[in-house]
Amino acid sequence: MVGVVGLGTMGAGIAEVFARAGLRVIGVEADPEALARGRGHLERSTGRAVDRGKLTGGERDEILGRITLTTSRDDLRDADLVVEAIPEILDYKVSLLEDLDRICKPETVLATNTSSLSVTAVAAATGRPGRVIGLHFFNPAPVMRLVEVVGTVVTEPSVVAGITELSVRLGKTPVTVGDRAGFVVNRLLLPYLNQAAVLLDLGLAGRDEIDAAMRLGVGLPMGPFALLDLIGLDTAYEIMGVLFDETRDRRHAPAPVLRELVTAGLLGRKTGRGFHGDETAPREPEQVAGVTFGVAGDDPSSIAEALTKAGFAGSDDPDVLLRFSDRPVVEHAVRLRRPSSLVGVHLVGDRVAELAATVLTSPEAARAAAGLMTAIGRTPVPCKDRAGFVVDALLYPYLNDAVRMYDSGYASIADIDAAMRLGCGYPAGPFEMLESLGLARVRDGLRALYAEHREPAYAPAPLLDHLVTAGMTALPRP
Ligand SMILES: NC(=O)c1ccc[n+]([C@@H]2O[C@H](COP(=O)([O-])OP(=O)(O)OC[C@H]3O[C@@H](n4cnc5c(N)ncnc54)[C@H](O)[C@@H]3O)[C@@H](O)[C@H]2O)c1
């Protein structure tokens, strides 16, 4: 019998996962109102599975029939395993674990679904630290295949082995790691999400444009703001705080806009509004009939040809000059007779074009560039002329963090890649992405980011730098 404490965003899904595997579940909530919300989560989630043909109505009834809901922790006295999924605040978790330690049988395993807090600190609050473990599910728990199994220095090896085995029985892929803030996935994911919030706050690009760049350009299942809303901005804010406390890395300081939204009670999907939720009708694409264009620099996808085919005329004295370059666009602009017509272009995949306006670019040229890209089927992502524009500024530090994590000995390349694919639904893990982009290109991009921001974390990881210097195009795998 399994107990789940806290039936919010994660706990309700976790209860469903256990019940789907045929186990009896006792779900505990703080008060009757929260219990009713938890019941609603469970009914909606299993209802959706029936609508999608993943469950029959009968299976759904059986699953819900295995789950007993209560507001009394004392009902957990016979549970063999209790998983807590209450808010990401250490004091709350410590006081809950103290209580569970008193209520549950001595052999009961107590698991925390924490995303970032020290499992060791939670374990130390009990008289059974060897039987306390991290069991970290991903959102939504019934869908995402990864679980991180987090053993501390005092967790009994048989408990780690037992929980790993149980995870497989639940249909999950376990990755077993030690106790560091954020484990594998959140240590890599949350700084990227936080950085997206920082870029938005700095006005580098708009919310929908940043989301589109990462979803359509990089192929991630969701843009960063849609994902932050799914996670819950309060949860994301707490996780960032824990990461910062452990690393003192400025990039891990929660973005001010997160604090503001959390204070305003705009927590994302669970409250109906967060970064998203105030959508108005989408803007009409710019009409750019008759605009003339020029292309400068290396044109990797024959944009000039595509524009000509679409009926636009090339001209040496163009309405808009599109410049492909790794250098800051403004360095090219100042050499031109009409710097106001210059827009920097970075193509991302087959569907996105980042368009960097410099301080000298005219609004007309920026609008014309966006219209031209729309006309040839690319989603324009207007942004400021900063190193890495949007995509590389978000993606490269994440890849760099993954190299540092591997180099520190915390997890293997295979585990890190699997964790990001199965925990976040990414099309590829960071090492697969790094190798397909090219190690040298990422190293050089990081150097440019470092040169612009002087942020130590942007300096290429020494391992990455050495691999490029050695002429390697892939990471060494055993
Ligand atoms: N949101 C995510 O995407 C995500 C993913 C993985 C792990 N987590 C982790 O899961 C945990 C829960 O996060 P969440 O996003 O589900 O939070 P949430 O705010 O959506 O849900 C927390 C639930 O716990 C209940 N609760 C609070 N105190 C309680 C108590 N003492 N006893 C019983 N119930 C109590 C609340 O009523 C609420 O329903 C956190 O540790 C978080 O880091 C979250």
Side-chain angles (χ1 to χ4, degrees), residues 3-17 26-42 45 69-76 82-100 103 110-119 121-122 125 134-150 172 175 181-187 189-190 193 221-222 224 226-243 254 258 262 265 267-272 274 419 422-425:
V4 178
V5 186
L7 299 172
T9 307
M10 289 307 293
I14 294 169
E16 183 183 329
V17 169
I26 299 187
V28 183
E29 252 298 348
D31 55 54
E33 211 177 297
L35 194 73
R37 276 200 305 273
R39 181 175 286 116
H41 272 302
L42 278 160
S45 167
L69 299 181
T70 171
T71 53
S72 167
R73 288 180 197 173
D74 288 333
D75 292 346
L76 295 171
V82 177
V83 184
E84 74 74 21
I86 68 166
E88 187 75 348
I89 295 171
L90 186 62
D91 288 351
Y92 292 12
K93 297 207 192 263
V94 162
S95 120
L96 173 65
L97 268 276
E98 280 169 354
D99 226 22
L100 292 175
I103 293 165
L110 303 179
T112 170
N113 184 51
T114 181
S115 304
S116 59
L117 293 166
S118 161
V119 179
V122 174
L135 179 56
H136 185 221
F137 288 85
F138 289 80
N139 187 2
V143 176
M144 302 313 288
R145 276 177 48 209
L146 182 73
V147 288
E148 289 173 320
V149 176
V150 185
K172 302 294 180 194
V175 164
F183 318 127
V184 173
V185 173
N186 283 325
R187 186 65 166 251
L189 176 71
L190 265 292
L193 297 177
M222 294 177 125
L227 181 54
L228 278 164
D229 281 348
L230 177 73
I231 290 171
L233 305 192
D234 51 343
T235 301
Y237 180 81
E238 294 297 339
I239 296 173
M240 289 316 303
V242 175
L243 289 186
L258 276 179
V262 170
L267 307 183
R269 285 202 193 176
K270 61 183 151 189
T271 57
L422 303 178
C424 303

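Order of listing sets the numbers, starting from 1, for every ligand and every atom in it. Bear in mind that the values here come from a model prediction, so they are computed numbers and not experimental data.
- Judged purely by atom type and a 3.5 angstrom limit, Glu29 uses its side chain to pair as donor or acceptor with the backbone of Leu7.
- Judged as a side chain to side chain donor-acceptor pair (under 3.5 Å), and not counting sequence neighbours, the contacts of Arg73 are Asp99.
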Could you list the donor-acceptor pairs under 3.5 angstrom formed between side-chain atoms of residues 136-147 and any protein atom two or more places apart in sequence or on another chain?
from   : atom 1 : to     : atom 2 : distance (Å)
His136 : ND1    : Glu148 : OE1    : 2.8
His136 : NE2    : Ser115 : OG     : 3.4
Asn139 : ND2    : Leu230 : O      : 3.2

Output a table of donor-acceptor pairs, distance under 3.5 Å, between side-chain atoms of residues 90-98 and any protein atom two or more places apart or on a different chain; print 'none' if there are none.
from  : atom 1 : to    : atom 2 : distance (Å)
Lys93 : NZ     : Glu84 : OE1    : 3.1
Lys93 : NZ     : Glu84 : OE2    : 2.9
Lys93 : NZ     : Ile86 : O      : 2.8

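- Rounding to the nearest 0.5 Å places CG of Leu190 at 6.0 Å from CG of Leu243.
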Return a table of N or O atom pairs, ligand 1 on one side and protein on the other, at distances under 3.5 Å, rounded to 0.1 Å.
from     : atom 1 : to     : atom 2 : distance (Å)
ligand 1 : 1 (N)  : Ile231 : O      : 2.8
ligand 1 : 3 (O)  : Asn139 : ND2    : 3.1
ligand 1 : 8 (N)  : Ser115 : OG     : 3.2
ligand 1 : 10 (O) : Asn113 : ND2    : 2.9
ligand 1 : 15 (O) : Thr235 : OG1    : 3.3
ligand 1 : 16 (O) : Thr9   : N      : 3.3
ligand 1 : 16 (O) : Met10  : N      : 2.9
ligand 1 : 19 (O) : Lys270 : NZ     : 3.2
ligand 1 : 20 (O) : Thr9   : N      : 2.9
ligand 1 : 20 (O) : Thr9   : OG1    : 2.8
ligand 1 : 20 (O) : Lys270 : NZ     : 3.4
ligand 1 : 31 (N) : Arg73  : NH2    : 3.0
ligand 1 : 34 (N) : Glu29  : OE1    : 3.4
ligand 1 : 34 (N) : Ala30  : N      : 3.4
ligand 1 : 37 (O) : Glu29  : OE1    : 2.9
ligand 1 : 37 (O) : Glu29  : OE2    : 3.4
ligand 1 : 39 (O) : Glu29  : OE2    : 2.5
ligand 1 : 41 (O) : Ile86  : O      : 3.4
ligand 1 : 41 (O) : Glu88  : OE1    : 2.5
ligand 1 : 41 (O) : Lys93  : NZ     : 2.7
ligand 1 : 43 (O) : Glu88  : OE1    : 2.8
ligand 1 : 43 (O) : Ser115 : OG     : 2.7

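- Counting only N and O atoms by type, the side chains of Asp75 and Thr70 include a donor and acceptor under 3.5 Å apart.
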